[in-house]
Amino acid sequence: MRRIAVQSEDFDPGAELDLLQGADAGAVASFTGIVRGDDGVEALTLEHYPGMTERALADLAEAAMTRWPLSAVTIIHRIGTLPKGARIVFVGTASAHRAAALEACAFLIDRLKTDAPFWKKEHGRAGDRWVETRATDAAAADRWR
Amino acid sequence: MRRIAVQSEDFDPGAELDLLQGADAGAVASFTGIVRGDDGVEALTLEHYPGMTERALADLAEAAMTRWPLSAVTIIHRIGTLPKGARIVFVGTASAHRAAALEACAFLIDRLKTDAPFWKKEHGRAGDRWVETRATDAAAADRWR
Amino acid sequence: MPLDILYFAWVREHVGLSSERAELPADASTPLKVAQWLAARGGGYATAFAAPEKLRCALDQQVVAMTDPIGEAREIAFFPPVTGG
Amino acid sequence: MPLDILYFAWVREHVGLSSERAELPADASTPLKVAQWLAARGGGYATAFAAPEKLRCALDQQVVAMTDPIGEAREIAFFPPVTGG
């Protein structure tokens with residue numbers, strides 16, 4: 001199973017885990033990213049590049065399934081304006097093997113951050129501000145190359 | 001939040017993710033282990049050492065919270081007889097930081113496999129058989145030492 | 001042949017457009033040269049393309065280097081480094 | 001002083017008991033010596049404790065080496081390497 005979604009609506013992490021578990025797995029790993037209220041941030045707006053985004057996420061899923069023995073991969077990314085505490089992104093993997101599920105899950109979220117065309121704008125106390133990339137994100141993605 | 005449970009009943013992974021997300025987190029990682037039907041296995045029986053198990057799991061949660069900046073840790077392990085496809089174990093972590101949540105989640109399941117007093121007996125085509133430890137599990141746990 | 005030029009994030013905000021269709025000058029053979037040509041329009045374009053090293057580019061939805069050839073691409077996109085996830 | 005001896009997994013199955021209370025002989029100062037004393041009972045005990053190197057031990061619910069001193073422990077448990085998760 002490869003499940004890729006780019007959507008403004010929220011998703012249900014429990015339902016996503018159920019779908020992954022159904023894929024004859026012994027191990028399911030997941031990562032959920034949530035809007036943090038650091039530095040007075042009240043909300044984020046997520047912009048993306050329609051068409052390219054779906055392709056980039058499908059390429060990442062494919063890369064993970066080539067590298068690890070996975071029975072299922074799910075990537076869901078929300079777009080639009082999301083308040084503090086809202087879910088932004090979900091990455092889930094299913095495998096017969098625990099290490100494969102865990103490593104592929106980390107790979108997917110690390111690489112998504114550098115390879116998928118999304119841009120975040122913060123709204124908060126300090127006004128509106130486009131988020132800049134962090135060197136730690138590039139380093140996290142690089143360890144998979 | 002430290003949530004430790006050893007129980008015969010099933011758990012709800014979605015509800016567990018919700019609890020972790022509620023802990024003011026930017027990142028929630030989870031691992032779910034499921035009974036696999038390899039080699040004709042129809043069910044597993046999980047035996048444990050009451051009292052010591054809870055202590056060992058609490059020690060693991062404490063070790064993770066000391067090593068990584070986590071806002072919450074959940075460890076749930078089922079006992080008794082579980083059919084193929086049933087959930088056995090859930091490990092979840094919440095943090096402001098993605099790498100902390102992911103690493104701590106892998107740490108907890110790796111170390112649980114070598115440090116917590118559970119024993120699995122397989123029931124299946126080939127009769128009943130106590131599961132033996134695998135060298136790969138020891139190696140996975142050792143990389144955190 | 002006309003090309004679709006797409007802008008994202010603060011590039012889009014400075015330019016004031018999400019996309020436009022344009023005929024490139026004959027010498028605009030790389031994303032960098034297109035960026036310089038757009039900057040020369042002045043105004044918001046000049047601001048958006050003042051520092052091409054801060055920009056990333058995709059040709060037909062594949063990320064490329066700013067000095068790669070544009071070739072037969074039908075769509076070029078300029079944007080800051082991505083910040084999703 | 002009597003000690004609770006606990007057995008788990010195939011150790012429990014061979015012994016035929018989950019736990020028992022016993023007075024240790026004076027020279028049973030380590031888990032290994034207790035294992036040898038139990039093995040000498042014969043029957044299922046002999047089977048369970050035939051290869052002490054395949055066993056693990058906890059004293060008062062803390063894993064110890066088979067050659068550690070028993071000291072003031074009130075509970076000793078013998079079991080195979082753990083296989084949870």
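Just so it is clear, the model here is predicted, and its values are computed rather than measured. Letters A, B, ... are given to chains in the order of the sequence lines, protein chains preceding strands, and every chain is numbered from 1.
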Do C:Arg41 and C:Trp37 form a cation-pi contact, if we require the NZ or CZ to be under 6.0 Å from the six-membered ring centre and within 45 degrees of the ring's axis?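 Yes, cation above the ring, under 6.0 Å and within 45°.
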Heavy-atom contact with chain C under 4.5 Å, split by part of [X]:
X        : value
A:Asp137 : neither
A:Lys113 : both
A:Thr133 : both

With side chains defined as the heavy atoms from C-beta onward, is the minimum distance between [X] and [Y] less than 4.5 Å?
X        : Y       : result
A:Lys120 : A:Thr45 : no
A:Ser30  : A:Leu17 : yes
C:Leu38  : C:Phe78 : yes

Using a cut-off of under 4.5 Å on heavy-atom pairs, state which of C:Pro80, C:Ala58, C:Ser18 scores highest against chain A.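 Highest number of pairs under 4.5 Å: C:Pro80.
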Chain C neighbours within residues 56-87 of chain A, where any heavy atom lies under 4.5 Å away: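 Under the 4.5 Å heavy-atom cut-off, A:His77 qualify.
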Rounded distance (nearest 0.5 Å) linking atom CD of C:Gln62 with atom CG of C:Asp68: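 Result: 11.5 Å between the selected atoms.
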Which atoms of C:Arg12 approach chain A - backbone, side chain, both or neither, heavy atom under 4.5 Å: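 C:Arg12 touches chain A through side-chain heavy atoms alone.
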Report the relative orientation of the aromatic rings in C:Tyr45 and C:Tyr7; use parallel for angles under 30°, tilted for 30 to 60°, perpendicular for over 60°.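 Perpendicular, since the angle between the ring planes exceeds 60°.
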C:Phe79 vs A:Trp119 aromatic rings, parallel, tilted or perpendicular, using cut-offs 30° and 60°?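 C:Phe79 and A:Trp119: tilted rings.
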Mark yes or no for whether C:Asp4, through its side chain, and C:Ser19, through its backbone, hold a donor-acceptor pair below 3.5 Å.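 Side chain of C:Asp4 to backbone of C:Ser19, a donor-acceptor pair under 3.5 Å: no, none is there.
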